[in-house]
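Below is one structure, written out as structure tokens; the observations come after it.
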There are 2 protein chains.
Amino acid sequence: MPTASPAATPEGPRRPASQQGMRRQNLALVLSTVAASGPLSRAAVAGRVGLTRAAVSSLVDELLGAGLLVEGETQASGKAGRPGRALALHDRGPAGLGLEVGPAHLGACVVDLRGEPRVWHRVPALNRSRPAEQVLGELAELAAASTREALALGLRIEGAVLAVPGVLGPAHDTVEHAPNLGWHGVVPAEHWPAALRAPELENEANLGALAELWRGGEPADTLVHISAETGIGAALVIDGRLFRGAAGYAGELGHVPVHTDGPRCSCGARGCLEQYAGARAVLRAAGVRGTHRDPVAALVDRAREGHAPTLAALTRAGEAFGTALTSAVNLVDPAAIVLGGAYTELAPWLLPAMTTELTARVRVRPWDPDTLRPSRLGRRGPLLGAALLTTQRVITDPARLWD
Amino acid sequence: MPTASPAATPEGPRRPASQQGMRRQNLALVLSTVAASGPLSRAAVAGRVGLTRAAVSSLVDELLGAGLLVEGETQASGKAGRPGRALALHDRGPAGLGLEVGPAHLGACVVDLRGEPRVWHRVPALNRSRPAEQVLGELAELAAASTREALALGLRIEGAVLAVPGVLGPAHDTVEHAPNLGWHGVVPAEHWPAALRAPELENEANLGALAELWRGGEPADTLVHISAETGIGAALVIDGRLFRGAAGYAGELGHVPVHTDGPRCSCGARGCLEQYAGARAVLRAAGVRGTHRDPVAALVDRAREGHAPTLAALTRAGEAFGTALTSAVNLVDPAAIVLGGAYTELAPWLLPAMTTELTARVRVRPWDPDTLRPSRLGRRGPLLGAALLTTQRVITDPARLWD
DNA sequence: ACTAATTTGTTTATTGCCATGACGAATAGA
DNA sequence: TCTATTCGTCATGGCAATAAACAAATTAGT
């Protein structure tokens with residue numbers, strides 16, 4: 001995922017701590033505590049985070065006023081004493097809009113502060129054969145419609161993020177290269193209706209990983225998320241944050257060498273994982289010809305039917321994955337390896353060989369096979385992640401909304 | 001480096017921001033600004049970090065009082081206006097004590113706040129053939145002597161860290177396994193004189209990486225540091241912090257697969273890097289027999305003499321390194337790869353093949369050969385890092401000294 | 001040489017935020 | 001009904017930074 005970070009690591013002089021910063025941080029602390037631990041009374045929040053009830057009251061007042069929290073009825077605790085009043089994330093407050101462009105579809109989704117999807121659209125669209133401008137125009141309409149629907153639900157969109165299946169420029173404003181769309185050097189903001197604010201761009205695989213982090217079930221704050229998009233990409237989440245690498249090229253799992261003398265790869269090297277487990281390689285080995293509208297579905301169909309070359313190709317891909325992931329496990333030691341994107345649906349046929357290989361190769365340390373699992377979100381991950389990016393930002397820093 | 005973190009990631013509810021915390025953070029901000037940018041006046045610090053001069057004055061007063069900063073004479077700026085008074089890190093303030101146990105030596109060093117080594121001892125000692133208790137007793141004496149010397153220089157030791165060439169237990173109080181020392185399940189604190197405070201333990205390779213981060217010349221806050229100690233270890237520094245992985249097993253470069261069907265490794269897998277570039281493998285391929293006191297020196301001697309099998313073995317090791325590092329580069333995308341420890345001295349013979357291999361294999365992204373470089377610190381790295389760990393902690397949170 | 005301009009460091013008043021402790025409110029149990 | 005307990009709020013105080021004014025020390029200009 002060669003996507004450089006738009007804001008380089010601010011390693012130099014940090015910003016000073018001020019009283020406003022302190023307020024800001026405590027607002028975030030209260031909000032994220034409620035987000036993490038369901039409905040909670042002021043006193044419960046205070047006890048949990050270490051602030052006084054008075055301080056929490058003041059912070060909660062501000063969050064209520066901003067429409068980020070709602071106060072429910074008194075909740076009977078069963079114990080003696082005055083019952084507290086339940087505080088929960090507002091389901092009609094700020095929301096995030098996620099957008100997605102695929103080769104054959106457009107997607108839009110709106111999530112509320114709780115992370116619940118409230119609007120969901122996925123419409124077929126033959127984007128490869130149309131100019132980018134037209135595609136983006138249609139996407140903007142879908143975005144506008146979704147925004148209207150959100151408004152009708154009482155939600156206000158605080159930010160929009162477009163999941164891009166390709167490589168972004170260092171400033172995150174250009175799609176350098178998205179072969180599946182036929183885009184090269186496209187700047188979406190230029191083709192966006194002037195009346196609407198253009199969405200922020202982020203790599204699809206990265207968003208899938210973040211969705212997995214935030215709503216993937218098993219909590220794991222250090223994970224590797226694998227997806228097929230432009231080649232094979234692994235997005236790395238480290239300590240709960242997306243890790244892009246020093247130059248933005250971290251997670252190039254597709255070009256990890258599997259067999260040093262293997263077939264030559266399009267990148268120029270030999271024996272890259274992509275030559276064994278990449279979409280093109282698997283399709284060819286499975287004997288799938290021509291261009292299917294949904295090549296993955298074609299593979300799944302054949303695998304279900306027990307088509308021998310397909311099963312063999314998937315097993316071979318799984319083995320190669322296992323070898324490449326051995327490197328990833330030995331180097332990064334993630335708490336979870338998630339098979340996302342198209343690989344989610346192929347997991348039943350990929351996982352056995354991957355698990356066998358990993359179990360045989362990862363020996364210097366205890367290896368739990370459950371570390372490797374298919375995504376719970378599957379293809380919905382990137383779109384969901386795009387929408388969640390905004391709401392997560394609000395939760396980690398609510399003050400951004402009013403100053 | 002299977003060393004679990006003693007303090008797990010505090011992902012849950014963080015601590016609230018208080019006014020004391022604000023003070024604490026700003027003290028650290030001022031101190032680290034002075035540390036990073038040489039002598040600076042109060043006004044210069046204020047301008048740089050964004051605090052008012054008044055606030056900086058108050059913070060500086062506290063740091064002067066604590067003996068962390070010294071005020072120099074007025075420094076003529078050449079420009080109009082009253083000249084500022086230079087503030088610099090105190091060279092007679094808090095200091096860090098680093099300790100080291102190797103198979104054939106003991107080491108101790110003291111660094112001042114500026115990171116300058118002020119006391120340095122490296123004494124030969126045949127530690128493999130002696131019981132751990134005796135070794136640690138001698139080390140404690142060396143530590144006490146070093147502390148006395150530091151005291152004579154006006155330094156006060158604020159913490160001691162022991163660099164261990166092996167695997168630590170999860171609580172970082174036990175040496176689970178240090179084959180080069182013949183230690184298994186040793187708890188150094190139990191053998192330490194009761195009168196002295198036992199040192200904290202940290203893995204030698206990790207400390208080498210930190211030393212490289214803090215005093216390695218080219219600044220790079222995301223780096224891979226390779227060293228040979230127990231097998232081949234890569235310590236990962238990510239965003240300026242040591243990355244241990246979810247379970248503490250990150251950086252097991254030695255067991256990254258190089259040839260899937262290669263020779264069986266001691267770990268049970270096949271074709272691990274260690275089978276090509278590990279100390280034992282290289283020594284055998286070079287035809288070095290018996291147990292040298294310093295096997296690396298033996299290799300360097302033969303390589304200098306042009307001994308063909310040695311040169312071939314080193315080239316082969318370099319190639320294998322190149323392949324394994326291709327995985328590391330593609331996955332982690334570090335700003336620097338540093339050849340540390342014993343490999344520093346072998347760098348002249350390893351680097352060419354490594355560079356060739358990396359240049360040929362890393363193709364999906366721009367690859368700068370200068371990313372790979374030998375350590376400037378070499379074998380001194382771990383000991384220096386052990387001492388620096390304490391002073392760096394003081395600089396990043398000076399308030400720890402008085403509350 | 002003297003004044004003006006400029007920059008530094010300190011002093012004083014003000015603001016903002018949280019802690020402390022007291023109080024009314026609301027519930028369970030006796 | 002009374003008491004114990006817990007919840008949320010209010011008034012007060014302390015602390016740390018900001019803002020603004022002042023004194024000190026230097027350069028530049030005439």
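First the proteins, then the strands, lettered A, B, ... as listed; each starts at 1.
Looking at which nucleotide of DNA chain C each of A:Gly81 and A:Arg24 is closest to, the 5′-most match is held by A:Arg24. DNA chain C is contacted by both A:Lys79 and A:Leu27; A:Leu27 maps to the nucleotide lying nearer its 5′ end (nearest heavy atom per residue).
Between the side chains of B:Arg53 and B:Ser41, not a single donor N or O lies within less than 3.5 Å of an accepting N or O.
Here the P atom of nucleotide D:dA17 and the CD atom of B:Gln25 are 10 Å apart, to the nearest Å. Between the CZ atom of B:Arg85 and the P atom of C:dG9 there is a distance of 8 Å, rounded to whole Å. Remark: C1' of D:dA17 and CG of B:Asp61 are 15 Å apart, rounded to the nearest angstrom. Rounded to whole Å, atom C1' of D:dA25 lies 14 Å from atom CD of B:Glu73. For the pair B:Leu59 CG and C:dG9 P, the computed distance is 14 Å after rounding to whole Å. Summarising the geometry, the separation between CG on A:Leu51 and P on C:dG16 is reported as 20 Å, rounded to the nearest angstrom. Per the geometry, CD belonging to A:Glu62 stands 12 Å off P belonging to C:dG16, to the nearest Å. In this structure, CG of A:Leu29 is placed 16 Å from P of C:dC17, rounded to the nearest angstrom.
When the nucleotides C:dT8, D:dG8, D:dT26 are ranked by their closest atom to the side chain of A:Arg53, D:dG8 comes out on top. Closest to the side chain of A:Gln19, out of C:dC18, D:dT18, C:dC17, is C:dC17. Each of C:dT8, D:dC7, D:dC10 was ranked by its minimum atom distance to the side chain of A:Arg82; first place goes to D:dC7. Set against D:dT27, C:dC18, D:dT18, the side chain of B:Ala54 has D:dT18 as its closest nucleotide.
Considering only side-chain N and O atoms, B:Arg23 lies under 4.0 angstrom from the phosphate OP1 or OP2 of D:dA17. B:Asn26 has no side-chain polar atom (N or O) that falls below the 4.0 Å cut-off from OP1 or OP2 of D:dA16. For C:dG9, the OP1/OP2 oxygens have no side-chain nitrogen or oxygen of B:Ser57 closer than 4.0 Å. Not one side-chain nitrogen or oxygen of B:Ser18 sits closer than 4.0 Å to the OP1 or OP2 atom of C:dC18.
Judged by atom type and distance alone, A:Arg42 does not reach the base of D:dG8 through any side-chain donor-acceptor pair under 3.5 Å. At a cut-off of 3.5 angstrom, counting only N and O atoms as typed in the model, there is no donor on one side facing an acceptor on the other between the side-chain of B:Glu71 and the base of C:dG9.
Between A:Glu158 and A:Arg156 there is a salt bridge, since a side-chain N of the basic residue sits under 4.0 Å from a carboxylate O of the acidic one. A salt bridge does not link A:Arg244 with B:Asp333: none of the charged nitrogens is closer than 4.0 Å to a carboxylate oxygen. A salt bridge links B:Glu62 to B:Arg23: one of the charged nitrogens lies within less than 4.0 Å of a carboxylate oxygen. Salt bridge absent: A:Arg241 and A:Asp239 never bring a charged side-chain N and a carboxylate O closer than 4.0 Å.
Interatomic distance, A:Thr147 OG1 to A:Arg197 CZ, rounded to the nearest 0.5 Å: 10.5 Å.
Within the 4.0 angstrom heavy-atom criterion, no nucleotide atom of any strand lies near B:Ser58.
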